Amino acid sequence: MKRWMGSIVAATLVFGAAACGDDKGGTNADTPANADSGAQLTLWTRAATESQSKAYAAAYNATHKNQVQVTAYPNEEYPAKLASAAGAKALPDLFASDVVFAPQYASQGLWLDITDKFNALPFKDKVAPAHVRNGTWKNKVYAVPHTIDMSVMLYNKDLFTKAGLDPEKPPTTLQEFADDARAVDKLGGDINGTYFGGNCGGCNVFTMWPSVWAAGGDVMSEDGTTSQINGKEMTDVFALYRKLYDEGVAAPASKDEAGPTWLGALQSGKIGIAPGPAAWLGLIEEKATFKLGVAPISGLTGGESTFVGGDAIGVGATTKNAAAAWDFLSWTLGDEAQVEVIAKGKGVPVRTDLASNKYSQADPRVVKINNLMGKGKTPYAKNFNATYNDPQSPWVTAFRGALYGDAKKSLDDGATALTASLKK
C-alpha cells in the first residue's frame, strides 16, 4: 500500500467522466433482463484477497451461466495497475480494493453508481455499515463489502495461566490490558507482555485507533479532512503504549516492527497479549502449541470497538456487462455466499445478521469477532494512503514521536501535518 496517489490521480485525469456509464449504474450494452445470460466477467483483486475472491467466483460459476474470471496482482503493484487501466478506459468488469481506498476510487468515478440496486436489497441495512459508508461518495453507493477483517486483542491463554491470570477473563479496559501484559512479562526470560508495530503506519491505525473510538473519541473529522490525533483519547492511548515500551513490557523489537514479522512474533508463543487482525486466529493456531484467546479492543476505562478493514468491490465504470456484474455482487452479499463460502471458510460475514451461523457457532471466539462488526469503524478519508499508510507519511512521523520522542510536540505538529495531507 505504498505511493500510488500520483499515478492514480494522473490516470483518472485522463480517464474522465466519459467512462462512467449512465446515472443508474448501467450501460446500453447490458440490461437487467440478461443479468445471467452467460457473460464472461473479469474481476481484479489484490493478492491479499485472492483466495476469498476465487472462492466466491468458484461457487457463483457453479450455479450461473455467467462466469467470473479472477485475476490477482501483488498488493504493491495493484493501485498502479488500476491507474493504468483507468487511463486506458479498460477497467475490468469488477474490481476490489482495500476498503480505505474506496472513497478515492468512488470520487474519481472508477466504479459505477449502484445506489438504486443496493437500496433494493432486502438486507441492505445489515451489510457492514462502515464498509458501505466508505464505498459511498456524495450520497451515492459505488462499492459494497467484499472481505472483512477486524482488529482484536489476541492473548496466550497458557501464559495467562502461568502468570496467575484467569485465561477465561480477558481485559475489558485498556488499563487492564496493560496490567495483564505486565503480569505476563514478570515470567521473565524470553517472555514479553505485549508487542506492537512501532514502525508501521497501517498496523497502528488498525490496532490503536479502536481504543480511541471505544473511549468516545476520534482521530479525524467525520469528512476525513481534519486530524484530531492530539485529542485526549489518542494522547492517552499513546501514553499507555509508550509506558509499556519504556518499562520493557513490550518486546524490544516492537520499536522497529514495520509489519513483516508482526505475525511471527505472535505465533512464537512468547507474547502474552497484543492487538492484531482477527484473520490471524487461524494462522496463529496453525503453528501454535498454546491456546489462543480473543477479546475486543477497549478504551482506557472501558467500551469496545474495532477497525473494520478488508476490501470493497464495485462494478468497473467501463464495463459492458453492468447487469451481469451486479448479479454477481448481489449474490456475494446473499445468505448462500456469506454462509457457505465465507463462514464455512472461517471468514467474517459482511452482514451483521449472519454473525452467528452454523459454522461460527462451533467456535465462540468467531461469534465474538463477528459480533464486533457493528461496533467498529472504517476511517473515511479521500487521501488516506499518503496520509497514513505510506512509510513517509506524516502519521508515521507523528506516532513515532509520540511513542519514542517528544509526545506533545509530535502530536500537535502531527495534527497540523496530517490535516494538510488530508486536504490534498
Side-chain angles (χ1 to χ4, degrees), residues 150-200 202-204 206-208 210-211 214 236-301 304 306-307 363-366 368-369 399-400 402-404:
M150 293 181 290
S151 48
V152 294
M153 281 290 180
L154 300 167
Y155 67 99
N156 186 319
K157 287 188 173 184
D158 292 3
L159 291 181
F160 263 49
T161 299
K162 290 179 181 178
L165 302 170
D166 187 339
E168 303 308 320
K169 290 186 178 179
T172 58
T173 71
L174 203 62
Q175 187 57 60
E176 288 178 2
F177 149 72
D179 292 341
D180 289 349
R182 291 185 177 102
V184 171
D185 194 66
K186 288 179 181 178
L187 293 173
D190 58 354
I191 302 298
N192 283 105
T194 191
Y195 193 89
F196 58 87
N199 193 30
C200 174
C203 305
N204 283 295
F206 194 63
T207 58
M208 293 187 183
S211 290
D236 288 345
V237 171
F238 276 127
L240 182 141
Y241 276 93
R242 178 178 182 139
K243 193 169 184 180
L244 290 176
Y245 179 78
D246 288 345
E247 292 174 358
V249 175
S254 298
K255 183 174 183 178
D256 297 315
E257 178 60 72
T261 56
W262 187 17
L263 170 60
L266 301 191
Q267 285 177 320
S268 70
K270 306 296 184 181
I271 304 298
I273 181 168
W280 284 0
L281 178 61
L283 294 175
I284 291 174
E285 290 191 325
E286 284 178 3
K287 298 183 178 181
T289 57
F290 56 89
K291 294 180 181 178
L292 189 65
V294 175
I297 294 177
S298 55
L300 197 65
T301 60
E304 55 187 43
T306 185
F307 188 113
D363 189 338
R365 298 172 304 174
V366 176
K368 183 183 295 184
I369 291 169
F399 81 70
R400 291 278 295 177
L403 290 171
Y404 316 114

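The structure presented is a predicted model; accordingly, all values stated were derived computationally and were not measured. Residue indices begin at 1 and follow the sequence shown.
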Original post:
About how many Å separate CG of Leu244 and OG of Ser254, when rounded to the nearest 0.5 Å?
Top reply: 9.5 Å
Original post:
Would a distance-only check, ignoring hydrogens and angles, find a side-chain to backbone donor-acceptor pair under 3.5 Å from Asn204 to Gly197?
Top reply: yes
**OP:** Look at the side chain of Arg365 and the backbone N and O of Leu292, then say whether any donor-acceptor pair between them is shorter than 3.5 Å.
**Re:** yes
Subject >> Flag side-chain contact, heavy atom, 4.5 Å: Thr306 against Ile297 >> reply: no
Original post:
Is there a donor-acceptor pair under 3.5 Å between the side chain of Thr194 and the backbone N or O of Ile273?
Top reply: yes
**OP:** Indicate yes or no: at least one non-hydrogen side-chain atom of Thr301 is less than 4.5 angstrom from one of Gln175.
**Re:** no
Subject >> Exercise: identify the closest heavy-atom pair between Leu187 and Leu159 >> reply: CD1-O, 3.9 Å
Subject >> Flag, side chain of Tyr155 to backbone of Ala181, donor-acceptor distance under 3.5 Å >> reply: no
Subject >> Interatomic distance, Glu247 atom CD to Arg242 atom CZ [nearest 0.5 angstrom] >> reply: 12.5 Å
Subject >> Close side-chain approach of Phe307 and Pro275, heavy atoms under 4.5 Å >> reply: no
Subject >> Approximate separation, where rounding is to 0.5 Å, of Asp180 CG and Met153 CE >> reply: 10.0 Å
**OP:** Could you tell me which non-hydrogen atom of Phe177 sits nearest to which non-hydrogen atom of Pro171, and how far apart they are?
**Re:** N-CB, 3.4 Å
**OP:** Verify, without hydrogens or angle tests, whether Glu257 (side chain) and Ala253 (backbone) share a donor-acceptor contact under 3.5 angstrom.
**Re:** no
**OP:** List the steps, then state whether salt bridge (charged side-chain N to carboxylate O under 4.0 Å, His left out) holds for Lys368 with Glu304.
**Re:** CA-CA 12 Å; Lys368 183 183 295 184; Glu304 55 187 43; over 6 Å; no
Subject >> Euclidean distance, Leu154 CG relative to Trp280 CH2, rounded to 0.5 Å >> reply: 8.5 Å
**OP:** Go through the steps to decide whether Val366 and Leu281 satisfy the test side-chain contact (heavy atoms from CB on, under 4.5 Å), and finish with yes or no.
**Re:** CA-CA 9 Å; Val366 176; Leu281 178 61; 4.3 Å; yes
Original post:
Atom SG of Cys200 and atom CG of Asp256: how far apart are they, to the nearest 0.5 Å?
Top reply: 12.0 Å
**OP:** Evaluate the criterion salt bridge (charged side-chain N to carboxylate O under 4.0 Å, His left out) for residue pair Arg182 and Asp179; output intermediate values, then yes/no.
**Re:** CA-CA 5 Å; Arg182 291 185 177 102; Asp179 292 341; 3.4 Å; yes
**OP:** Grab the two heavy atoms, one from Trp262 and one from Pro277, that are nearest each other, plus how far apart they are.
**Re:** CH2-CD, 4.0 Å
Subject >> Heavy-atom pair with the smallest gap, counting every atom of Ile191 and Gly269 >> reply: CD1-O, 4.3 Å
**OP:** State the SG-CE distance between Cys203 and Met208, to the nearest 0.5 angstrom.
**Re:** 9.5 Å
Subject >> Check: Thr261 side chain, Gly264 main-chain N or O, donor-acceptor pair, under 3.5 Å >> reply: no
Original post:
Could you walk me through whether Tyr245 and Leu403 pass the side-chain contact (heavy atoms from CB on, under 4.5 Å) check?
Top reply: CA-CA 8 Å; Tyr245 179 78; Leu403 290 171; over 6 Å; no
Original post:
Ala250 and Phe196: which non-hydrogen atoms are nearest, and at how many Å?
Top reply: CB-CE2, 3.6 Å
**OP:** Determine whether more than 12 heavy atoms belonging to other residues, nucleotides or ligands lie under 6.0 Å from atom NZ of Lys157.
**Re:** yes
Subject >> Heavy-atom check, side chain of Phe160 versus side chain of Val184, under 4.5 Å >> reply: yes
**OP:** Taking the side chain as every heavy atom from C-beta outward, state whether Pro170 and Val294 have any pair of such atoms under 4.5 Å apart.
**Re:** no
Original post:
What are the two closest heavy atoms between Ser298 and Leu174, and how far apart are they?
Top reply: OG-N, 3.0 Å
**OP:** Go through Leu263 and Ile284 one step at a time and tell me if the side-chain contact (heavy atoms from CB on, under 4.5 Å) criterion holds.
**Re:** CA-CA 8 Å; Leu263 170 60; Ile284 291 174; 3.8 Å; yes
**OP:** Take the angle between the ring planes of Phe399 and Phe238 and call it parallel below 30°, perpendicular above 60°, tilted in between.
**Re:** parallel
